Visitor: 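Below is one structure. I have some questions about it.
In what follows, residues are counted from 1 in the order of the sequence shown. All ligand and atom numbering here is 1-based and tracks the order in the structure. Quick caveat, the model's predicted, so the values are computed rather than measured.
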Amino acid sequence: MKFTIGWLYADLMNIYGDRGNILTLLRRAEWHGLESSVVELGRGATSQMDGVDVFFFGGGQDREQALIYDDLRDFKHESLQKAVADGAQVLAVCGGYQLLGHYYQTGDGERYDGIGLIDVRTEAGKKRFIGDVIVQTALEGLAPSTLVGFENHSGRTFLGPNAKPLGTVLKGHGNNGSDHHEGCIQGGVIGTYMHGSLLPKNPQLADHLIAAALRRRGGGALSHLDDSLELAAHDWILQRAQRR
Ligand code: GLN
């Protein structure tokens with residue numbers, strides 16, 4: 001079975017190791033016996049959005065977000081919405097997460113309109129939130145039920161009624177440093193502030209995305225993989241956070 005990853009703005013929205021999420025999805029899909037490939041979805045019109053199973057949208061500084069938010073609205077919005085309605089999954093990190101929402105407002109008061117694929121809004125605060133993040137996730141069936149990552153953002157994100165938190169913050173700031181929530185889940189879209197990169201140290205989330213995306217094509221349960229190395233890295237971050 002083929003498995004296709006769609007990498008949005010790989011050249012501009014790709015910081016703090018985000019590329020590691022692509023490598024993890026590619027490799028794990030292969031280890032699960034799938035024929036995996038990645039298509040880069042840069043600026044401009046593209047016909048390559050169809051047939052994508054998992055879209056990845058990385059983070060970026062305000063400057064990069066300013067370079068792509070128009071393109072996202074004009075050339076990607078419609079096909080992304082259609083793909084998600086058809087069962088494709090999306091993982092969006094930080095700057096990408098923000099632009100899938102209603103808007104991102106910078107510290108200078110500039111507003112970048114988002115596409116409203118998820119019911120969230122973001123406004124930059126004065127202090128940047130930087131450091132390790134540990135989250136107790138609400139996603140069912142994930143083992144371990146913790147997610148670990150690294151955050152570095154000025155944006156404070158607030159969820160509307162249609163978006164649910166990805167989890168509760170055990171360590172770090174998360175969405176806005178006040179409501180103890182991190183990220184969001186809405187349909188097949190997962191948004192998070194966790195860079196690092198996220199998936200290498202959270203293989204259970206990578207498999208969740210792969211399995212969910214294949215369900216629409218009759219794909220069943222994934223084979224069990226030996227994740228001892230990945231989970232050792234996960235546990236190491238948990239212990240480091242507790243030590244600090
Ligand atoms: N520019 C956004 C912010 O500062 C996103 C940063 C990022 O992707 N790490 O909040």
Side-chain angles (χ1 to χ4, degrees), residues 6-24 40-43 55-73 76 80 90-135 147-160 163 165-167 169 171-185 189-202 205 237:
W7 191 0
L8 290 157
Y9 312 109
D11 53 342
L12 289 166
M13 299 293 286
N14 175 15
I15 52 177
Y16 310 128
D18 286 343
R19 182 169 170 273
N21 296 308
I22 297 288
L23 298 176
T24 302
E40 295 198 6
L41 305 162
R43 286 181 287 184
F55 291 90
F56 176 70
F57 193 0
Q61 304 309 347
D62 295 4
R63 194 186 81 81
E64 281 73 31
Q65 291 173 291
L67 292 173
I68 58 121
Y69 79 93
D70 278 339
D71 184 275
L72 182 68
R73 191 192 49 234
K76 310 293 191 296
L80 202 51
V90 178
L91 174 65
V93 175
C94 207
Y97 166 33
Q98 295 166 344
L99 291 178
L100 291 187
H102 301 299
Y103 65 83
Y104 167 55
Q105 184 168 300
T106 70
D108 311 329
E110 258 193 278
R111 188 170 281 201
Y112 307 153
D113 292 334
I115 59 172
L117 190 64
I118 47 180
D119 188 11
V120 308
R121 60 183 173 81
T122 306
E123 294 174 14
K126 297 224 169 345
K127 179 174 165 285
R128 285 193 81 81
F129 291 151
I130 302 176
D132 283 344
V133 183
I134 312 270
V135 169
L147 296 171
V148 301
F150 166 79
E151 62 183 337
N152 185 338
H153 56 109
S154 61
R156 275 85 169 134
T157 296
F158 298 90
L159 275 51
L166 174 61
V169 173
K171 163 128 184 125
H173 302 281
N175 283 342
N176 49 50
S178 52
D179 64 13
H180 307 293
H181 288 154
E182 202 295 313
C184 92
I185 308 169
V189 181
I190 292 177
T192 178
Y193 272 113
M194 290 187 278
H195 292 280
S197 44
L198 174 67
L199 296 181
K201 293 185 284 295
N202 303 284
L205 182 58
I237 300 283

Visitor: I'd like to know whether CZ of R19 has more than 12 heavy-atom contacts from other residues, nucleotides or ligands below 6.0 angstrom.
Guide: no

Visitor: Between Y9 and D71, is any side-chain donor less than 3.5 angstrom from a side-chain acceptor?
Guide: yes

Visitor: Among residues at least two apart in sequence or on other chains, which ones pass ring-ring contact (aromatic ring centres under 6.0 Å, His included) with H173?
Guide: F129

Visitor: Might you list the protein residues in contact with ligand 1, defined as having a heavy atom under 4.0 Å from one of its atoms, sorted by chain and number?
Guide: I15, Y16, G59, G60, Q61, D62, Q65, C94, G95, Q98, Y104, R128, N152, H153, S154, G155, H195

Visitor: Just grab all the salt bridge (Lys or Arg N to Asp or Glu O under 4.0 Å) pairs involving residues 112-124, residues at least two apart or on different chains.
Guide: R121-E123

Visitor: Are a donor atom and an acceptor atom from the side chains of Q65 and Q98 found within less than 3.5 Å of each other?
Guide: yes

Visitor: Applying side chain to side chain donor-acceptor pair (under 3.5 Å), which residue pairs with at least one partner in residues 147-158 are found, sequence neighbours left out?
Guide: Y16-N152, Y104-S154, T122-T157, R128-N152, E151-H153, T157-Y193

